[in-house]
Structure formats: C-alpha cells, structure tokens
J.: 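Below you will find the structure I want to go over with you.
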Amino acid sequence: MTPEQLSTAIVDVLTTLSDDGVLALPDGVPASVTVERPRQKGHGDYATNVALQLAKKAHTNPRSLAELIGARLTEHDSVAGVEVAGPGFLNVTVSTGAQGAVAAQVVAAGPAYGHTETLAGQRINVEFISANPTGPLHLGHTRWAVLGDAIGRVLSAAGADVTREFYINDRGVQMNHFAASIIAAATGQEKPEDGYAGGYIDDLAKAVGDAVPGIFELPEPERTAAVRAKGYELQLAEQQESLESFNTHFDVWFSELSLHEEGQEDGGVPHTLERLKDLGHVYEEGGALWMRTTDFGDDKDRVLIKSDGELTYFASDTAYYLNKRARGFDHCIYLLGADHHGYVGRLRAMAACVGDDPDQTLDVMIGQLVKILREGQEVKLSKRAGNIVTLTELAEEIGVDALRYSLARYPADSPLTLDIAEITKASNDNPVYYVQYAHARTCAMLRNAADLGMVLPAGLADGSATEFDPSLLAHERDGELLRALAEFPRVVAAAAELREPHRVARYLEETASVFNKWYDTKECRMLPQGDEPVMPANIARMVLVVATQTVVGNGLALLGVSAPERM
RNA sequence: GCCCCUAUAGCUCAGAGGAUAGAGCGCCGGUUUCCUAAACCGGGCGUCGCAGGUUCGAUUCCUGCUAGGGGCACCA
C-alpha cells in the first residue's frame, strides 16, 4: 500500500461516513488527504492529520472524529492497525503483505516508476543559460545548466510536455566587439575598448584563420562580417559541445537574430511592435519608443527603440515571449541569476501588456550565485584573461557526475559555496558517491544472485507472481526501505510542481542510507548463506533489491547523473 | 531610498502548517569467519536572527526590525 493508496482509502472512509449521515461536511469530502511518514517511531507507518483539519468544519472535536474515521479504516484489508494519538492524529500501520507489495509495483513499473500525470497536459518551455555566443560557458552558467536540465527532466517525469530552450544572444553590439577582439588578436593589435580578452580569443583567432584562410586580409566591412560569422559559429559549437559532454541537452537553440528576420509573424520584432501599438501600451518620448510597463507594476517604463533607432534587448525579449506563446507554451520558465532579478518586474509587466496573466504563464526563477573554493580560497571570477573558470574546466577537474550532483542538491535560491576539495573526494563523505555506491551495491548483489541461479519471479506486473510472497518482507528494516521506495513518486511530483529538483537528491541520500542499513541487517540477507537453498524469503528480498535499484537509478537519471553498476 | 534572496548544530546545509527540529562533515569510540567497509553502530552539539500577529498547532504563513549578499541603464 502506497501513501497515495492510503490517502484514497481515507477519502473513501470519509465518503462513506458522509453518505451514512454520520459526518456532515459542509464543503464536501476532500479529494485527497495528507498522508505523511511520521518522524517519530511509534507513530505508525503513516500518519494523517485529516481529523485535525476537518473537525471544526464538521462541528466536532478532532479526537472524536479521528475515532470515527479510525474505526472504519481498520476494516480495510491493507490496514493492520489504527491509533488515535496526540491532539487527533491517526497513526496507521499497514499490513505486511500490503506494504511488501510495493516492491512488486516498483519493479513492474521499472524506468517509469516515479513518473506521474500530475502535470499532464501542460506545455512548458524551460529557458536557461542563454549566454552570449562570445565566449566559453563559465561557473556562472554551470549551476543553471544543472538546474535547468534537472527541472526539465523532473517536469517531464510529472507528465508535462517540456521543451528546453537556449536563447542565443547573437544580435547587438557585443557581436561586433567580439569580431573586433578576434581580429585584433589575429593581427597583433591592442585589444579594443569593450572587447573580449582571455586566451580563448587567441585560440579562436587561430581557428577562424585556419577555417577560412585569408579571412583577416579581407577589406572592411567584409572582414568584420566574415569574422563575426565564423567566430560565432565556432564559439556556439564550443558551447554546444561543452553542454553535451556535461549531459545537458537542449531541444531548441533559439537565435535572437531570427526574431528580426523577414517573415516572422507571431513573435517577430516588427510584428510585436505593431501589436503593442495596437494594444496601446507604447508611446514616444525623447525620440525613443517606450513600453508603459508601469501600468502593470514595473518600477519604470522601458525603452523598446532607442532614440538612435537601435532596438533594445527588451524589444527582443518581448518578441521572444510572444514567439513562445505562439508556439503553444502555457508556461514559460526563465532561470535567471540573482544579478538579473531586476528583470522580473519588467518581464511580468511585459506579459501583462500583451494580455497575459503573468501568474499563469510566467515563472521566473532567480537563482543565487555560486562561490567556489579552491584550497580554502574563493576563486574570484573576473573577465580579465586567465581568471575565467569555465564549465569545461570544472567538469574536468571535478567530474561531470560530482559537479552536477553537488549543484543539484541545493535549492536555486540558496546561496552556495562549493569547496572543490570536498566535492572531489571519492569517498562516502561525498553524497554523490554515497548514492551511486548504493546503486552499484544493488548491482553487485544481483550479479551474485544470478550466479546462484536466482531469478526474478514472473508476473510481478499483474500480481500473479506466485513465487513472490510480499508478507515475507516483515522485518522492521524491510518496512523502512519499502516506505522509502513508496515515497519516490510524491518526491518527483513535488520537485516538478515546486521546480525544486534538489528534493530528488535529498531523497536519494535518505533512501541510500535506509538501503545500507537494511543491507547490514543480518536478518535481511538477500543471498542464501553457505549451501543453504534459495528460500522464498531470499526471492522476496531480491525483488526488494531490484526495486531499490530501480528507484535509485531513476532518481539519478532525473538529475542527469550516471548510475554505475560497479565502483 | 526602493526591490529580490538569505539567516536553523563548531562548519556546509536539508526541513509542502504537525507530535520530542534533522543530515553530512568535523571530534571521540566501536563493528568484517557474513551479498562491495565507498558500509554500519554508539557518543553531544541548538535562545531555528529579534519582536509581534494568524492558527487547535509556526522553524515553516503575515507584518515590522536587525545583519549579510545581490539588483535598481535609451548596457548586452
């Protein structure tokens, strides 16, 4: 019996009581009730506060209501006992067989276990990183790479239709600075004011020259245009490769420039400006075109076209938003760094200006910045040469799994300090290895089981597995592990709804710990010892181990971290 | 001045309004004729920043303060 099934059982009891006229609920029977794992041993396998919640509405006191519900709930086949405790909690003990059956449910679901339909029907666009294609991705992008990717995976697992999108800022003066910097490096000139520096520019200059011989000898403005195009191409490819090798995948690489091209209907910049004018939210002042975002809570109005005729970044942003909406997305998630939090107000106002309710369609997540310690010293990021910490370097130094996991286990709004020494430690001190080890351990056990000729019972999916007796998982440790595994779908659903993938990581650490304790319990040995024959209890525990392997493997997959079979 | 985030054990941090607030690290001590000891067991650590409020119940929600970080462009 999973917590969801228990919740349903309690709702059924409430419905019965209500139908029988024993209980009067003015607002009707709730669709679901809260079922949680009590922190305290002795408070049952599961507890519900339903009586505390409903007592006032039902004009009774919590304890009497709890007694009433408890009496009926006890009759349920899967419920072994119910106690009323404290101010009116119901502490429920699940029957051994019903609890053990969870293992079969997990194994039957396999890679789909943990997936739900809680966000089914939602089309969600997750935009993250969205760096300028003028340099390598660095530490500042790495956290969003991990979180955005994991949020995408978790949303998909909750049934949403997800598109992960990278917005390429390939338009604007920075692209010309970029080209000028490459040309300066190639021709041995001083780097220009506002230019880009760093060793990667020298490398890029060489690569551009190799790719297009004679490119630096072209006359202007052909030279700048050609260098800009080739440099952009190479730099974008470098970003894409580094993300691919970081196990971070995008469905769409969206060019800002494309918003300005001919033929863009919905979401094209000219079209967007027309639409805004029609909607009456723009005005001219001082030779510039403004959007009246203050009508919708922004601090000040924002410029769309500068007095020199140049379009602002905000004009592209607005067009891009409309473009996403025109592509059918109900929710647009933006992951931005804390240094961009000032954008939240204008993005929301902009959505309101075009007739949307930002509470419904916009989800701007502001992530706090990451500090990194090397040998106890903060690594200072600087745009000056040599002081850039790139995603690729970090992944090489720390390892993709350890880096991803270390960033994924904290909520986005928590400021974060990563100590390189700590997260590169290949030991149980390091949560990533602790979790991966639990997975590797299940694999080792199952290899041994296979050697002994143990096979997983057939028919686990439809409950016809006669060789699996769930009531043999009767040890206290069996119950703890089963309840941990039963939690997984709720954790994934919560992670998706709250856009908090760190919940998956924390859950995995907890589950790995419960599994290791189970493993060290003599009474719960999965393999027969010596020349003992394989008993039904060994088979039952084997199902439990496969279930654990499934959950840990599925959970790591949601974080984009590998689940090794050996370590 | 205005806005956002944060404040929980010595350190790094979890903690969808629930019962006696947790984990890891660090410190001390133990466990292996037994499926991977990258594991497990034991030992102590707290005015949940401060003050009000909502609630049967607040570390959690609201308000005000205090402290730290970040942000307030016709930049990209």
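The figures that follow rest on heavy atoms only: side chains count, while hydrogens, waters and symmetry mates do not. Letters A, B, ... mirror the listed sequences (proteins, then strands); counts begin at 1.
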J.: Checking all strands, does A:R566 fall into the base, sugar-phosphate, or nothing category for heavy-atom contacts under 4.0 angstrom?
T.: base
J.: Report which part of the nucleic acid A:A55 touches: base, sugar-phosphate, or nothing (heavy-atom distance under 4.0 Å, all strands).
T.: nothing
J.: Would you call the rings of A:Y167 and A:F254 parallel, tilted or perpendicular if under 30° counts as parallel and over 60° as perpendicular?
T.: tilted
J.: Could you state the atom-to-atom distance from CG of A:L369 to C1' of B:C4 in whole Å?
T.: 12 Å
J.: Counting only side-chain nitrogens and oxygens, does A:T312 get under 4.0 Å of the OP1 or OP2 atom of B:C75?
T.: no
J.: Of all the nucleotides listed (B:A19, B:C13, B:A16), which has the minimum atom distance to the side chain of A:T417?
T.: B:C13
J.: Looking for any heavy atom pair under 4.0 Å, which part of the strands does A:D299 touch: base, sugar-phosphate only, or nothing?
T.: nothing
J.: Contact class for A:V545 vs. all strands (heavy atom < 4.0 Å): base, sugar-phosphate, or nothing?
T.: nothing
J.: How far, in whole Å, is B:A51 from B:C40 if one measures between their C1' atoms?
T.: 46 Å
J.: Look at all strands and tell whether A:D301 reaches a base, only sugar-phosphate, or nothing, counting heavy atoms closer than 4.0 Å.
T.: nothing
J.: Pick base, sugar-phosphate or nothing for A:N169, based on heavy-atom distances below 4.0 Å to the nucleic acid.
T.: nothing
J.: Let me know the distance between NZ of A:K371 and C1' of B:U12, rounded to the nearest Å.
T.: 13 Å
J.: Taking only the side-chain nitrogens and oxygens of A:H341, find out if one of them lies under 4.0 Å from OP1 or OP2 of B:G69.
T.: no
J.: Are a donor atom and an acceptor atom from the side chains of A:Y410 and A:Q368 found within less than 3.5 Å of each other?
T.: no
J.: Take atom C1' in B:U8 and the same atom in B:C48, then report the distance between them in whole Å.
T.: 4 Å
J.: Please evaluate the base of B:A19 for a donor-acceptor partner in the side chain of A:N91 within a cut-off of under 3.5 Å?
T.: yes
J.: Can A:H340 be said to stack with the base of B:G71, given centres closer than 5.5 angstrom and planes under 30 degrees apart?
T.: no
J.: May I have the distance from A:Y410 (atom OH) to B:G15 (atom P), rounded to whole angstrom?
T.: 12 Å
J.: May I ask you to say what A:S414 touches in the nucleic acid, namely base, sugar-phosphate or nothing, with a heavy-atom cut-off under 4.0 Å?
T.: sugar-phosphate
J.: For atom P, what is the distance between B:C4 and B:C61, given to the nearest Å?
T.: 15 Å
J.: Classify the nucleic acid contact of A:Y434 as base, sugar-phosphate or nothing, counting any heavy atom under 4.0 Å across all strands shown.
T.: sugar-phosphate
J.: If you look at every strand shown and take non-hydrogen atoms under 4.0 Å, does A:I305 touch a base, only sugar-phosphate, or nothing?
T.: nothing
J.: When you measure from the side-chain N and O atoms of A:K300 to the phosphate of B:C74, is any distance below 4.0 Å, counting only OP1 and OP2?
T.: yes
J.: Mind checking if A:Q529 touches a base, just sugar-phosphate, or nothing, with heavy atoms under 4.0 Å?
T.: sugar-phosphate
J.: Starting at atom CD of A:E476, determine the distance to atom P of B:C41, rounded to an integer number of angstrom.
T.: 12 Å
J.: Go through the steps to decide whether A:L155 and A:I333 satisfy the test side-chain contact (heavy atoms from CB on, under 4.5 Å), and finish with yes or no.
T.: CA-CA 11 Å; A:L155 290 172; A:I333 298 180; 3.8 Å; yes
J.: If you look at every strand shown and take non-hydrogen atoms under 4.0 Å, does A:P38 touch a base, only sugar-phosphate, or nothing?
T.: nothing
J.: Let me know the distance between CG of A:N516 and P of B:C40, rounded to the nearest Å.
T.: 5 Å
J.: Please determine whether a side-chain nitrogen of the Lys or Arg among A:D299 and A:R346 lies less than 4.0 Å from a carboxylate oxygen of the Asp or Glu.
T.: no
J.: Choose from B:A19, B:C75, B:U20 the nucleotide whose nearest atom is closest to any side-chain atom of A:A47.
T.: B:A19
J.: Go through RNA chain B and write down every stem, that is, every run of at least three consecutive Watson-Crick or G-U wobble pairs with distances under 3.5 Å, as range with range.
T.: B:1-7 with B:66-72, B:10-13 with B:22-25, B:27-31 with B:39-43, B:49-53 with B:61-65
J.: In whole angstroms, how far is the C1' atom of B:C4 from the CG atom of A:D298?
T.: 14 Å
J.: Heavy atoms under 4.0 Å, any strand shown: does A:A494 hit a base, just sugar-phosphate, or nothing?
T.: base
J.: Contact class for A:P431 vs. all strands (heavy atom < 4.0 Å): base, sugar-phosphate, or nothing?
T.: nothing
J.: Take atom NZ of A:K425 and atom P of B:G26, then tell me their distance rounded to the nearest Å.
T.: 5 Å
J.: What nucleic acid atoms does A:L52 come within less than 4.0 Å of, heavy atoms only: base, sugar-phosphate, or nothing?
T.: base
J.: Side-chain N or O of A:R302 versus OP1/OP2 of B:A73: is the shortest distance under 4.0 Å?
T.: no
J.: With C1' as the reference atom in both, quote the distance from B:G15 to B:G46 in angstrom, rounded to an integer.
T.: 15 Å
J.: Please state whether the rings of A:F178 and A:Y196 are parallel, tilted or perpendicular, taking 30° and 60° as the class boundaries.
T.: perpendicular
J.: State whether the aromatic ring of A:F89 stacks on the base of B:A19, taking stacking to mean ring centres under 5.5 Å apart and ring planes under 30° to each other.
T.: yes
J.: When rounded to the nearest Å, what value does the distance between C1' atoms of B:U12 and B:C50 take?
T.: 25 Å
J.: Could a donor-acceptor pair under 3.5 angstrom be found where the side chain of A:D339 meets the base of B:G70?
T.: no
J.: I want to check one thing: is the phosphate of B:C72, taken as OP1 and OP2, less than 4.0 Å away from some side-chain N or O of A:Y343?
T.: no
J.: For the pair A:D401 (side chain) and A:V561 (backbone), establish whether a donor and an acceptor sit closer than 3.5 Å, ignoring hydrogens and angles.
T.: no
J.: Would you tell me if any nitrogen or oxygen in the side chain of A:R39 comes within less than 4.0 Å of OP1 or OP2 on B:G18?
T.: no
